[in-house]
Amino acid sequence: MNIVILAAGMGKRMNSALPKVLHPLAGLPLLAHVINTARKLLPTRLVVVVGHGAERVREAVGADDVAFALQAEQLGTGHAVAQALPLLDDSQPTLVLYGDVPLTEASTLQRLVAEAGGERFGILTVEMDDPTGYGRIVREAGSIVRIVEQKDATEPQRAIREINTGIIMAPTGHLRRWLSTLRNDNAQGEYYLTDTVERAVADGIEVVSAQPGALWETLGVNSKVQLAELERIHQRNLAQRLLEAGVTLLDPARIDIRGELTCGRDVTIDVNCVFEGRVHLEDGAHIGANCVIRNSTVASGARVQPFCHFEDASVGAQGRIGPYARLRPGTVLGEDVHIGNFVEVKNSQFGAHSKANHLAYVGDATVGSRVNIGAGTITCNYDGANKFRTVIEDDVFIGSDTQLVAPVTVGRGATIGAGTTLTKDAPADKLTLSRARQMTLDAWKRPVKQAKK
Ligand code: UD1
Ligand code: CA
């Protein structure tokens with residue numbers, strides 16, 4: 001099939017410089033959600049109709065399988081679909097979606113596609129308690145005969161609760177013909193896509209309907225209020241799926257997933273965690289409250305304490321991280337590694353059973369196994385122009401408040417005395433330290449305030 005996504009509208013009520021369809025839901029532009037759903041239907045042509053902010057929209061969601069049609073002026077939904085016609089394949093029917101309706105399930109669209117087939121006109125409709133504002137589905141003897149817009153509807157028509165979600169499917173050749181005959185002599189002075197229904201009926205084309213699995217699948221975004229509502233619905237759905245898969249969420253209303261979170265068995269996630277990009281939590285992983293985890297992996301049995309921040313990092317099995325630990329891109333921690341409070345690790349690997357428990361910066365370092373990095377240790381990896389590596393071999397003990405001026409290597413089993421500024425390699429198995437000798441000045445007297453004259 002062809003799929004056309006309408007995304008030319010301005011979204012005035014968003015009160016924003018950003019085109020409406022680029023506002024993010026779960027970290028992804030609204031339009032990207034619609035495109036992803038469209039892809040699941042394997043369309044032969046996928047066309048996005050752009051108008052307001054066309055360039056930005058193209059840049060944000062452009063891909064090899066997406067074509068764009070420009071609707072320079074927003075003259076109505078029928079006019080919008082007409083702009084896509086040159087890019088459509090007449091041998092396939094066309095499904096029309098809206099770029100600001102992000103949560104439609106592919107299974108719902110598949111039902112509509114199955115109903116409409118290649119020959120019929122299909123409309124996704126839904127019954128609403130309050131249908132105000134929507135196009136009403138007018139039926140005669142049970143069959144759909146037309147759609148009337150709210151502003152053009154008579155009182156009895158306004159009482160109809162079955163509405164047009166906007167999602168339709170029609171044979172492309174017919175659609176092309178019907179669209180060419182549209183007029184804008186209606187209450188809004190627009191070319192209505194919905195007027196093609198009457199034309200289908202006149203041509204003896206059967207008009208059928210399908211319904212979504214849930215009402216929220218058809219909700220659109222016109223304001224920040226509606227965007228926030230849909231975000232909550234989406235997050236609730238994602239949390240529900242995790243619970244059903246056996247994940248423990250201490251409060252399913254307090255988790256945010258902006259990307260893809262996959263979990264093994266017996267994973268526990270405490271409140272207010274944000275997961276971005278691709279995150280995988282292996283069996284038995286435990287994530288404490290208020291963590292932000294982006295594109296990272298936490299291996300089995302690891303415990304992440306509250307208030308940690310990870311990006312492009314991997315925590316080894318049985319690791320103990322945080323509270324207040326920051327793992328930056330390129331951090332790879334082995335089994336049973338402990339990273340404690342106020343420790344920042346960047347582009348560094350830690351071997352099994354190594355620890356940096358307090359107040360440290362470890363950047364561009366290769367840390368062996370069973371290493372202990374004392375409080376206040378800093379790898380001086382940057383000279384203002386270039387970055388250099390620090391190598392800390394197995395079984396090293398780094399005393400507190402040590403600066404490791406890279407490039408530098410600490411040999412296997414070495415001990416570095418507290419307060420050392422290490423500028424040369426430290427040999428294996430020895431104690432190395434750089435420290436001014438301690439002295440006591442017996443004759444020294446603490447100054448006293450002089451009496452004012
Ligand atoms: C439309 C339907 C209405 C339906 C409702 C569902 C028509 C005439 N009416 O009404 O029956 O109940 O959606 O939400 O189709 N767009 C363009 N170019 C345009 C006009 C619109 O790209 O010239 C896009 C908008 O950006 C939006 C979508 O089409 O994504 C719907 O447009 P909107 O103006 O919201 O349609 P409604 O008047 O709500
Ligand atoms: Ca609308």
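Numbering of ligands and ligand atoms starts at 1, following listing order. For reference, positions follow the sequence shown, starting with 1.
- The atoms of ligand 1 that sit less than 4.0 Å from any heavy atom of G135 are 3 (C), 4 (C), 11 (O), 12 (O).
- The salt bridge (charged side-chain N to carboxylate O under 4.0 Å, His left out) analysis of residues 310-325, with sequence neighbours excluded, yields the pairs R294-E311.
- For the pair Q71 and ligand 1, a heavy-atom separation below 4.0 Å is found.
- By the 3.5 Å distance cut-off applied to N or O atoms, I147 is not counted among the residues near ligand 1.
- The shell of residues lying under 4.0 angstrom from ligand 1, judged by heavy atoms, excludes G220.
- Scanning T77, L75, D152 for the heavy atom closest to atom 32 (O) of ligand 1 points to T77.
- Residues R177 and D203 are paired through a salt bridge, judged by an N-O separation under 4.0 Å between the basic side chain and the carboxylate.
- Although no hydrogens or angles enter the test, the distance criterion places no donor-acceptor pair under 3.5 Å between the side chain of D256 and the main chain of Q235.
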message: Quick one, H280 with S314, criterion side chain to side chain contact (heavy atoms under 4.5 Å, CB included). Give me CA distance, side-chain angles, the key distance, then yes/no.
response: CA-CA 10 Å; H280 182 61; S314 128; over 6 Å; no
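- Looking at E149 against ligand 1, only its side chain comes within 4.0 Å, counting heavy atoms.
- Side-chain atoms of N341 and H358, non-hydrogen and from C-beta on, do get closer than 4.5 Å to each other.
- On a distance-only criterion, E73 and ligand 1 share no N/O pair closer than 3.5 Å.
- Under 4.0 Å is where a charged nitrogen must lie from a carboxylate oxygen, and between E115 and R120 no such pair does.
- Note on ligand 1: T165 sits in its first shell, one or more heavy atoms being nearer than 4.0 Å.
- Using a 4.5 Å heavy-atom threshold, the side chains of R389 and P407 count as separate.
- The L6 neighbourhood of ligand 1 comprises atoms 22 (O), 24 (C), 29 (O), 30 (O), with distances under 4.0 Å to a heavy atom of that residue.
- When heavy-atom distances to ligand 1 are checked against a 4.0 Å cut-off, V49 has no atom that comes that close, whether in backbone or side chain.
- Counting heavy atoms under 4.0 Å from ligand 1, residue A8 touches it through both backbone and side chain.
- Formation of a donor-acceptor pair under 3.5 Å by the N290 side chain with backbone atoms of P306 is not found in this model.
- Atoms of ligand 1 lying under 4.0 Å from any heavy atom of G9, numbered from 1 in the order shown and given with element: 22 (O), 26 (O).
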Which side-chain N or O atoms in residues 73-80 pair as donor and acceptor under 3.5 Å with protein atoms at least two apart or in another chain?
unit_1	atom_1	unit_2	atom_2	d
Q74	OE1	H52	NE2	3.1
Q74	NE2	Q71	O	2.8
T77	OG1	L193	N	3.0
H79	ND1	Q71	NE2	2.8
H79	NE2	Q83	NE2	3.2

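- Selection from G76, G11, P19, G51 by nearest heavy atom to atom 19 (C) of ligand 1 gives G76.
- Around atom 8 (C) of ligand 1, the closest heavy atom drawn from Y98, Y191, Y134, Y192 belongs to Y192.
- Comparing I163, D195, D100, V50 by heavy-atom distance to atom 30 (O) of ligand 1, the nearest is D100.
- The aromatic rings of W178 and F121 lie tilted to each other, with the angle between the two planes from 30° to 60°.
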